[in-house]
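Here is the structure we will look at.
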Amino acid sequence: MQCLYSRFEVHPSGEVICLKGTGIPWKDHIIGLEKELKVDTTVKYVLYEDKANNKWRIQCVPVRADSFENRLGLPVEWGGLRDDDLSKISGIEDCVFVHSNRFIGGNATYKGVLQMASKSLEIAKQLAK
């Protein structure tokens, strides 16, 4: 709940949250809290540390906890790219990967993974115009 309340500190849109800790089952919890709290702008991306690899992850929030459809996938042009190729096309340093299905990605740093979320939101807004 604290992560949901502090989402505007992570990103001004309120569409990105950062989870503290690892192995937290967040999908049902976030979706349920949004309904319970009547959140106007739903969370699109969850950021968390991958402590096993000393990296950061960005994961898309699904439309439902049991769904493979995301509220907002990562950009199409990033899908399936890794390392330097992804950093070049995204313009973000230290990228690690974006899955070909665009539901999860990674960066070496928190700053980088937050930039991935910000740029993804920006691209989606441009495409919606």
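- Between the side chain of Lys38 and the backbone N or O of Glu36, no donor-acceptor pair lies under 3.5 Å.
- The backbone N or O of Gly112 sits less than 3.5 Å from a side-chain atom of Thr109, completing a donor-acceptor pair.
- With Ile17 as reference, Ile30 is the one residue of Leu47, Val10, Ile30 to meet the side-chain contact (heavy atoms from CB on, under 4.5 Å) rule.
- Taking hydrophobic clusters as Ile, Leu, Val, Met, Phe, Trp and Tyr residues chained together by side-chain heavy-atom distances below 4.5 Å, Val39 does not share a cluster with Phe8.
- For Trp56, the ring-ring contact (aromatic ring centres under 6.0 Å, His included) partners at least two apart in sequence or on another chain are Tyr110.
- Within the 3.5 Å criterion, the main-chain N or O of Leu114 finds a donor-acceptor partner in the side chain of Ser118.
- Here the CZ atom belonging to Arg71 is positioned 5.0 Å from the CD1 atom belonging to Ile31, to the nearest 0.5 angstrom.
- You'll find the side chain of Val16 stays beyond 4.5 Å of the side chain of Val43, heavy atoms only.
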Candidate pair Trp78 and Cys95, rule side-chain contact (heavy atoms from CB on, under 4.5 Å), full reasoning = CA-CA 10 Å; Trp78 297 2; Cys95 287; over 6 Å; no

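- Listed by first and then second residue, the salt bridge (charged side-chain N to carboxylate O under 4.0 Å, His left out) pairs involving residues 74-96 amount to none (not counting sequence neighbours).
- To the nearest 0.5 Å, the span separating CD on Gln2 from NZ on Lys20 amounts to 8.5 Å.
- Taking 4.5 Å as the limit, some side-chain heavy atom of Leu121 sits within range of a side-chain heavy atom of His11.
- Hydrophobic clustering (side-chain heavy atoms under 4.5 Å, transitive across Ile, Leu, Val, Met, Phe, Trp, Tyr) groups Leu33 together with Leu19.
- Ion pair Lys55/Asp50 not flagged as a salt bridge, since none of the NZ, NE, NH1 or NH2 atoms sits closer than 4.0 Å to an Asp/Glu carboxylate oxygen.
- Across Pro75 and Ile123, no two heavy atoms sit closer than the pair CG-CD1, 3.8 Å.
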- Can Val61 and Leu72 be said to form a side-chain contact (heavy atoms from CB on, under 4.5 Å), step by step? CA-CA 7 Å; Val61 177; Leu72 183 61; over 6 Å; no

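- Looking only at atom types and distance, the side chain of Tyr45 has no donor-acceptor partner in the side chain of Glu15 under 3.5 Å away.
- Atoms NE2 and CD1, from His99 and Ile104 in turn, are 8.5 Å apart once rounded to the nearest 0.5 Å.
- Taking CE of Met116 as the reference point, atom OG of Ser87 lies at 8.5 Å (rounded to 0.5 Å).
- Residue Lys44 holds its NZ atom at 11.0 Å from SG of Cys60, rounded to the nearest 0.5 Å.
- A distance-only check finds no donor-acceptor pair linking the side chain of Ser100 to the backbone of Gly79 [under 3.5 Å].
- At most 12 heavy atoms of other shown residues, nucleotides or ligands fall within 6.0 angstrom of atom OH in Tyr5.
- Within the 4.5 Å cutoff, the side chain of Ile58 has no heavy atoms near those of the Val46 side chain.
- Residues Val76 and Phe97 fall into different hydrophobic clusters, defined by Ile, Leu, Val, Met, Phe, Trp and Tyr side chains chained together at heavy-atom separations under 4.5 Å.
- For the atom pair CG of Asn101 and CG of Leu74, the computed distance is 11.0 Å after rounding to the nearest 0.5 Å.
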